[in-house]
Every structure is written in structure tokens, then in C-alpha cells.
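As the structure lists them, so they are numbered: ligands from 1, and atoms in each ligand from 1. For clarity, every value in this text was computed on a predicted model and none was experimentally measured.
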Amino acid sequence: MGAAVEADDLAGNAAYADAVRRHFTSVTTENALKLSVVRPSPSTWNWGPADTIVDFAAANDLEVRGHTLAWVNESGSQNGLPTWMRNLSDPGEFRAAVFESVTEVVGRYRGRVDRWDVVNEVFEYPVGLPAPSVFDRLGPDYVAELFTAAHAADPDASLWLNEVFTELFPAKGDSLVALVATLRSRGVPIHGVGLQTHLTLTPAAPNPGSVSGLVTRLRNLGVDVAITELDVPLGPLRSEQAQVDIYRQVATECLAAGCSEITVWGVSDADTTLDSVGQRQNNPLLSTFFSLPSTPLLLDVALQPKAAYAAVVEAIQQTPNPTT
Ligand code: XIL
């Protein structure tokens with residue numbers, strides 16, 4: 001059971017650090033391992049934030065999901081690449097910068113980051129076509145190449161593809177399954193698929209079976225599957241009880257179909273990115289359906305577990321044969 005965390009909060013807020021220790025078993029680097037943070041200029045490596053998170057996890061026996069080496073679909077300019085790298089229009093220079101960074105970052109945390117979201121958000125929605133992206137400069141096979149490079153840098157790390165809104169758009173789920181099937185059949189080192197599960201585009205609950213169906217299809221391809229960025233905002237069309245029910249539904253479906261992890265996108269309602277101006281600009285439906293503050297997470301602003309937290313824990317406890 002994981003949460004996305006930020007280094008500043010872990011280092012500067014003892015109550016936050018304590019809540020992470022107490023209520024979660026895994027942490028995801030919310031921003032600290034995006035190349036925009038790690039490599040702000042060609043010659044500057046900024047390891048401080050990621051080191052803080054990885055060291056905290058080691059000291060407290062938490063697992064680490066390293067997020068994310070290549071965020072493909074560009075929502076606004078928030079794809080995690082530093083401007084200087086985005087601006088390398090020469091394909092050879094762009095390629096060198098990306099692969100050098102992947103090798104350096106994964107290699108530095110070899111043995112300390114358990115799983116990597118190597119590639120994030122490959123498809124557009126709703127129909128699931130490949131998203132046009134600066135990563136197209138790497139040529140048509142860049143997804144496989146990125147996995148291969150990450151595997152070379154840490155052969156023991158579990159390597160994941162992470163995707164968004166698959167519970168809402170079946171065609172996107174189909175594209176994801178097809179891509180993973182191809183990568184697996186080619187022997188590309190991909191070991192897991194993350195379903196972000198930001199439930200922010202509609203106040204309705206996910207269709208029953210939309211999570212478990214996809215988890216099952218992906219597991220049948222021989223990969224692990226996890227919910228990696230869950231948040232369930234509130235608003236006039238979604239009540240607190242609906243939030244609890246949706247958390248329970250998603251967790252139960254995911255676990256019943258054999259998923260290995262449920263991670264939420266932030267520690268408490270005080271640190272959700274959904275209330276930020278940037279997210280609201282990128283996703284206008286957020287402001288249409290969900291109020292401010294959207295209180296979408298499992299701990300309240302005082303870092304106390306909400307009813308939704310208890311619902312997820314219950315779902316975990318009631319899973320007959322939890323995977324590890
Ligand atoms: C978000 C962070 O939460 C924000 O702080 C940052 O400004 C932008 O990125 N999908 C992802 C995450 O895979 O990396 C995004 O995180 C949220 C959507």
C-alpha cells in the first residue's frame with residue numbers, strides 16, 4: 001500500500017514522515033526522479049530530493065517505485081523533461097541525452113529502487129492511439145529501447161509501463177494490452193503495468209469490471225499489475241460515502257484479479273496535486289465536477305486515516321490470496 005511522496009515534506013515535516021511510515025509500505029517519487037528535477041541542465045545532476053526519499057525508504061523498510069523516466073503524453077508542458085532536453089530537436093542529441101540519463105539514474109539507485117515506471121502515458125485518450133511526443137525523436141521502437149536500457153542499468157529492478165484513464169476508456173486498455181503483448185513476445189524486459197486510476201474525468205464510479213478485467217488480461221501476459229496513482233476527488237456530484245465506496249470497489253477488484261500494489265497520489269488531503277492551478281488548467285473537467293479542496297486521498301489534512309483508508313485496508317485483509 002503506497003503513497004506518492006515529496007522529499008521536502010519528508011525532510012521538513014516530521015508528522016508527514018511519521019504518517020508515511022505508519023500508514024504505507026511503499027513510496028513513489030512524485031516528482032523527484034523526473035528528469036526535470038534530476039537533470040535541470042546538461043551538466044547539473046540534482047540527486048538531493050531522490051536521495052532523501054530513497055534513504056527514508058531504506059531506513060524505514062519501505063519499498064520504492066521510481067517514477068518516471070519517460071513521460072510520453074504531454075499534458076501541457078508537464079511531461080517531466082527539462083526544457084533544455086525538450087529543446088534538443090536533433091534526434092541524435094536528444095537520444096544521447098535521454099539514454100545517458102536513464103543509464104545514470106537507474107544505475108545510481110541500482111538495488112535501492114525496487115520498481116521503475118520506465119515509460120509513462122504512451123497513449124492518447126479516448127481512443128488509445130500512440131500519443132505524439134518529443135519521444136518520437138527516438139524513432140518507432142523507443143518504448144522497447146527504454147526498457148532495455150533500464151534493464152542494463154539495473155538487471156534486478158522490476159520495470160513497468162504506467163498508463164492513465166484505462167478504467168474509463170476501454171479502447172485505451174485494448175491498446176495497452178496489445179503493446180504489452182508485443183513487448184513480451186519480443187522478450188523486452190517489461191515486468192509490470194501500472195494503472196494510474198486518477199478518477200478525475202467523471203464523478204461516476206468506474207464501471208464494474210473495468211479494473212479487474214484489465215488486471216486479468218495483463219496478468220495473463222505474465223506481468224505484475226498495480227494501481228499506481230489512485231485519487232478520488234469529492235464534489236457536488238461525488239459524496240464522501242461515494243468516495244469510500246469507490247476506493248473499496250477499486251481496491252477489491254484490483255486485488256481479486258491479483259494486483260500487487262495500491263498506491264495513492266499523495267500522502268494526505270493537504271498535499272494533493274489535484275487542487276493545484278496547473279492540474280486544473282490541464283484538466284478542465286476537474287473544476288467542472290470537483291470542488292476545492294477536493295480531499296481525494298486516504299488521510300485527512302490532519303494526517304489521520306479516513307473511512308476510505310479503512311476500506312482499502314479491509315479490501316487487502318479480505319483478499320483470499322494476496323500477491324506479494
Ligand atoms: C504530477 C505531480 O503530482 C505534480 O506535482 C507535477 O506538477 C506534475 O506531475 N500522472 C503522472 C504523474 O504520472 O507524474 C503526475 O504527477 C500526475 C499525473
Using a distance-only test with no angle check, is there a side-chain donor-acceptor pair under 3.5 angstrom linking [X] and [Y]?
{"X": "N162", "Y": "E229", "answer": "yes"}
{"X": "Q196", "Y": "N120", "answer": "yes"}
{"X": "Q241", "Y": "S239", "answer": "no"}

Any N or O on [X] sitting closer than 3.5 Å to an N or O of ligand 1?
{"X": "W71", "answer": "no"}
{"X": "N120", "answer": "yes"}
{"X": "W265", "answer": "yes"}

Taking the minimum heavy-atom distance to atom 6 (C) of ligand 1, which of T273, N31, N162 ranks first?
N31
From the options E6, E30, E163, select the one whose nearest heavy atom is closest to atom 2 (C) of ligand 1.
E30
Numbered atoms of ligand 1 (with element) below 4.0 Å of H67, judged on heavy atoms
11 (C), 12 (C), 13 (O), 14 (O)
Per-atom contacts, ligand 1 versus Q196 - under 4.0 Å to a heavy atom
10 (N), 13 (O)
Just checking, R65 and W160: is the charged tip under 6.0 Å from the six-membered ring centre and within 45° of the axis?
yes
Taking atom CG as the centre, does D61 end up with more than 12 heavy-atom neighbours from other residues, nucleotides or ligands that are less than 6.0 angstrom away?
no
Neighbour count above 12 (heavy atom, 6.0 Å) for E240 CD
no
